[in-house]
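Atom set for the values below is all heavy atoms of this structure, side chains included, hydrogens, waters and symmetry mates excluded.
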Amino acid sequence: MKKDLFTTGEFAGICNVNKQTLFYYDREGIFCPEVIAENGYRYYSYTQIETFTVITMLRDLGVSVREIKAHMEHPTPQALIELMESKKAEIDKKLKALEWSRKYIDNRIRITREGLAARAGEIIRQEIADRYLITSDYTGTDVTVGVTRAIGDHLDRCAELGLYSACPIGCMIPTESVNEQGYRYAKFYTGIDKTHAPAEAIVASGGSHLVIYDDHGYENVWQNCRALLEYGREHGLNLGKNIFEDVILDDLSTKGYFNYLVKLSVRIDR
């Protein structure tokens, strides 16, 4: 027996797999021993290591045995290029999704820490950085059914723009809409990273903001909007055109809809 041939067990050890995997691939006809001795023993060559590694990679990427077998039965340079290019595109998509997930996790940690430090019911001044937002206009009322449908439409828009992973949604409340009868939403928005901001994104200018947190869900949004505007009037502040409504703590970090921590913020223009 030549020294460049390995038994099934040896080859499995080199490739760090179970022998049963080699037996299975052999039965399916996608990766067979290079030599089968008269006594039925199977031997693999070192030249097969890369082929097996590629097959393992394709399986890890979710490529079916049938698809791999179809290629291995009729291998050509062009077919290999097409197979590799298609999988490269899938990998790029997965990497992008993972990148969005990582950024979401980082942002969720930051927001949750913000929620832990928040003092509900107090109006404070807070420096907020520029935010890049994907927005969807809303002309309905604050009735739950209408809002829910609009949020669904907004999520569809985010998906069309290639925004991956979970997308926290905030609302813009025009300051001029806040009165003794209530308020209205004008836009729904999703914050995105500057480096991935598409042309459709708008910039919510940063700077000093009036902020109030409330740990009763959306129960006191109207009263808190009025409190922010009244505070601005009392202190001679020129406030921005929109109040931003963001959920800081939700079902992932608190128990029940009525215990959400909601943040309202409005920019101080001067």
Side-chain angles (χ1 to χ4, degrees), residues 107-129 131 133-155 166-191 204-270:
N107 189 55
R108 173 63 75 161
I109 291 172
R110 179 187 63 79
I111 290 175
T112 304
R113 285 177 174 159
E114 176 184 346
L116 284 173
R119 299 175 64 175
E122 295 184 12
I123 295 177
I124 61 173
R125 297 196 186 200
Q126 186 180 97
E127 292 297 318
I128 297 178
R131 293 203 291 174
L133 309 174
I134 297 298
T135 64
S136 298
D137 293 335
Y138 180 66
T139 57
T141 67
D142 63 349
V143 176
T144 302
V145 174
V147 171
T148 301
R149 289 175 179 169
I151 289 176
D153 292 340
H154 176 72
L155 288 174
C167 298
I169 297 175
C171 305
M172 289 187 196
I173 300 171
T175 53
E176 53 84 18
S177 76
V178 181
N179 53 46
E180 294 183 356
Q181 284 72 47
Y183 64 93
R184 65 177 173 83
Y185 292 128
K187 294 180 184 292
F188 294 104
Y189 61 82
T190 293
S205 298
S208 185
H209 286 65
L210 288 185
V211 171
I212 187 169
Y213 297 92
D214 190 274
D215 55 6
H216 294 81
Y218 297 95
E219 180 180 348
N220 299 317
V221 169
W222 173 48
Q223 295 92 324
N224 287 331
C225 283
R226 297 183 69 189
L228 287 175
L229 299 183
E230 182 61 28
Y231 183 97
R233 283 191 291 269
E234 290 177 355
H235 291 80
L237 302 176
N238 185 26
L239 302 181
K241 294 181 179 180
N242 290 294
I243 297 172
F244 293 82
E245 176 191 278
D246 294 284
V247 177
I248 304 300
L249 302 181
D250 56 16
D251 289 322
L252 292 172
S253 50
T254 190
K255 193 70 174 178
Y257 177 82
F258 293 102
N259 292 312
Y260 285 7
L261 182 70
V262 175
K263 175 183 180 179
L264 297 177
S265 60
V266 58
R267 189 174 186 274
I268 301 172
D269 286 340
R270 65 169 174 82

Kindly write out the residues that satisfy salt bridge (Lys or Arg N to Asp or Glu O under 4.0 Å) with [X], not counting sequence neighbours, or none if the list is empty.
| X | value |
| --- | --- |
| D137 | K187 |
| D269 | R267 |
| E122 | R119 |
| R226 | none |

Side chains of K263 and H209: closer than 4.5 Å at any heavy-atom pair?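 Heavy-atom side-chain distance check fails, nothing below 4.5 Å.
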Given side chains that start at C-beta, do those of I243 and N224 come closer than 4.5 Å, heavy atoms only? no
Indicate every side-chain donor-acceptor pair of residues 233-241 with a distance under 3.5 Å to a residue at least two apart or in another chain.
from : atom 1 : to   : atom 2 : distance (Å)
R233 : NE     : E230 : OE1    : 3.4
R233 : NH2    : E230 : OE1    : 2.9
H235 : ND1    : Y231 : O      : 2.9

Nearest-0.5 Å distance, [atom1] of residue [X] to [atom2] of residue [Y]:
| X | Y | atom1 | atom2 | result |
| --- | --- | --- | --- | --- |
| I248 | L261 | CD1 | CG | 6.5 Å |
| R149 | I151 | CZ | CD1 | 13.0 Å |
| I128 | L210 | CD1 | CG | 10.0 Å |
| L133 | F188 | CG | CZ | 14.0 Å |
| N242 | C171 | CG | SG | 11.5 Å |
| T148 | D153 | OG1 | CG | 11.0 Å |

Which atom names give the shortest non-hydrogen contact between [X] and [Y], and what distance separates them?
| X | Y | result |
| --- | --- | --- |
| S265 | L228 | N-CD1, 4.5 Å |
| V262 | G217 | CG2-O, 3.2 Å |
| G207 | E127 | C-OE1, 3.3 Å |

Residues that Y218 engages under ring pair (Phe, Tyr, Trp, His ring centres under 6.0 Å), provided they are two or more places apart: Y257
Considering residues at least two apart in sequence or located in another chain, which fulfil the ring pair (Phe, Tyr, Trp, His ring centres under 6.0 Å) criterion with F244?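 By the ring pair (Phe, Tyr, Trp, His ring centres under 6.0 Å) rule, F244 matches Y189.
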Pairing residues for T112 by the side chain to side chain donor-acceptor pair (under 3.5 Å) criterion, not counting sequence neighbours: none
Counterpart residues, side chain to side chain donor-acceptor pair (under 3.5 Å), relative to H154 (two or more places apart): S136, T190
Quick test of your reading: applying salt bridge (charged side-chain N to carboxylate O under 4.0 Å, His left out), list the pairs with at least one residue in residues 243-257, sequence neighbours left out, ordered by first then second residue.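 Non-adjacent pairs meeting salt bridge (charged side-chain N to carboxylate O under 4.0 Å, His left out): R108-D250, R131-D246.
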Considering only residues two or more places apart or on different chains, which pairs with a residue in residues 206-221 satisfy salt bridge (charged side-chain N to carboxylate O under 4.0 Å, His left out)?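 Those involving residues 206-221 do not exist here.
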Inter- and intrachain pairs under side chain to side chain donor-acceptor pair (under 3.5 Å), touching residues 169-180, at least two apart: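 Counting only pairs at least two positions apart or across chains, the side chain to side chain donor-acceptor pair (under 3.5 Å) contacts touching residues 169-180 are E176-R184.
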